[in-house]
Amino acid sequence: MRRVRISKTFTQQLHALMAQGLPVFGERVVMQKRDLVYDLIEHHLAHFPASKTPDPKLGLTVYRVAKTPFVVLYDYDDAELRLHFILPARADRRDLDPTSAEW
C-alpha cells in the first residue's frame with residue numbers, strides 16, 4: 001500500500017470547510033463528512049489512485065468525495081499518495097497553482 005502524505009494546505013482547507021459547515025449543519029453532519037473524506041483516502045485512493053485520470057492543465061487528479069460537496073486533488077507514484085488540496089466541488093480551479101500546496 002502507498003504511504004499517504006497530506007499537505008498542510010489540505011489540512012487547513014479541510015478545517016476551514018468543516019468550520020463553515022458547523023453552524024449550518026451541526027457537529028454530527030460535519031464529522032460524518034470529514035470521516036467520508038478520510039475513508040475515501042484510506043480505503044480507495046491509497047489503493048487505487050489511478051481510478052481517475054489527471055487533469056491535463058493541473059497535473060493533479062481531481063476526485064469527487066461521494067455524499068459530500070468536496071473534491072480532493074492529488075498525485076501519486078508507486079510509493080506515495082500526495083493530497084495537495086480539498087475544495088468545494090463547484091470551486092473554480094482555473095487559477096489554482098498546483099505548486100502552491102505547502103508541505
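Hydrogens, waters and symmetry mates play no part in the numbers below; they use all other heavy atoms, side chains included.
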Not counting sequence neighbours, list each pair that qualifies as a salt bridge (Lys or Arg N to Asp or Glu O under 4.0 Å) and has a residue in [range].
range: residues 42-56; answer: none
range: residues 21-35; answer: none
range: residues 56-68; answer: none

Are Val65 and Leu22 connected in a single hydrophobic cluster, I mean Ile/Leu/Val/Met/Phe/Trp/Tyr linked by side-chain heavy atoms less than 4.5 Å apart?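 Shared cluster, yes.
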
Are Val71 and Leu36 connected in a single hydrophobic cluster, I mean Ile/Leu/Val/Met/Phe/Trp/Tyr linked by side-chain heavy atoms less than 4.5 Å apart?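 Result: no, two separate clusters.
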
Output all residues satisfying salt bridge (Lys or Arg N to Asp or Glu O under 4.0 Å) with Arg94, sequence neighbours left out; order by chain, then residue number.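 Result, salt bridge (Lys or Arg N to Asp or Glu O under 4.0 Å) vs Arg94: Asp92.
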
Running the 4.5 Å side-chain criterion over Ile, Leu, Val, Met, Phe, Trp and Tyr, what cluster does Val24 land in, apart from itself?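 Same cluster as Val24: Phe25, Val29.
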
Are the side chains of Val4 and Ile41 in touch, meaning some heavy atoms are under 4.5 Å apart?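 Yes, close enough: below the 4.5 Å cut-off.
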
Under a 4.5 Å cut-off applied to non-hydrogen side-chain atoms, are Phe70 and Val37 in contact? yes

Could you list the residues that satisfy side-chain contact (heavy atoms from CB on, under 4.5 Å) with [X], not counting sequence neighbours?
X: Asp95; result: none
X: Pro98; result: Leu58, Leu60
X: Thr99; result: Asp97

I'd like a table of donor-acceptor pairs (distance under 3.5 Å, sequence neighbours excluded) in which one partner is a side-chain atom from residues 73-84, with atom names and distances.
{"residue": "Tyr74", "atom": "OH", "partner": "Pro49", "partner atom": "O", "Å": "2.7"}
{"residue": "Asp75", "atom": "OD1", "partner": "Arg82", "partner atom": "NE", "Å": "2.9"}
{"residue": "Asp75", "atom": "OD1", "partner": "His84", "partner atom": "NE2", "Å": "3.0"}
{"residue": "Asp77", "atom": "OD1", "partner": "Ala79", "partner atom": "N", "Å": "2.9"}
{"residue": "Asp77", "atom": "OD1", "partner": "Glu80", "partner atom": "N", "Å": "2.8"}
{"residue": "Asp77", "atom": "OD2", "partner": "Arg82", "partner atom": "NH1", "Å": "3.2"}
{"residue": "Glu80", "atom": "OE1", "partner": "Arg5", "partner atom": "NH1", "Å": "3.4"}
{"residue": "Glu80", "atom": "OE1", "partner": "Arg82", "partner atom": "NH1", "Å": "3.1"}
{"residue": "Glu80", "atom": "OE2", "partner": "Arg3", "partner atom": "NE", "Å": "3.2"}
{"residue": "Glu80", "atom": "OE2", "partner": "Arg3", "partner atom": "NH2", "Å": "2.3"}

Could you report the tightest heavy-atom contact between Val72 and Leu40, atom names first, then the distance?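 Smallest heavy-atom distance, with atoms named: CG2-CD2, 4.4 Å.
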
Give every donor-acceptor pair under 3.5 Å between a side-chain atom in residues 9-18 and any protein atom, sequence neighbours left out.
{"residue": "Thr9", "atom": "OG1", "partner": "Glu102", "partner atom": "N", "Å": "2.7"}
{"residue": "Thr11", "atom": "OG1", "partner": "Ser7", "partner atom": "O", "Å": "3.3"}
{"residue": "Gln13", "atom": "OE1", "partner": "Ile86", "partner atom": "N", "Å": "2.9"}

Does Tyr63 have any ring pair (Phe, Tyr, Trp, His ring centres under 6.0 Å) partners at least two apart in sequence or in another chain, and if so, which? His44

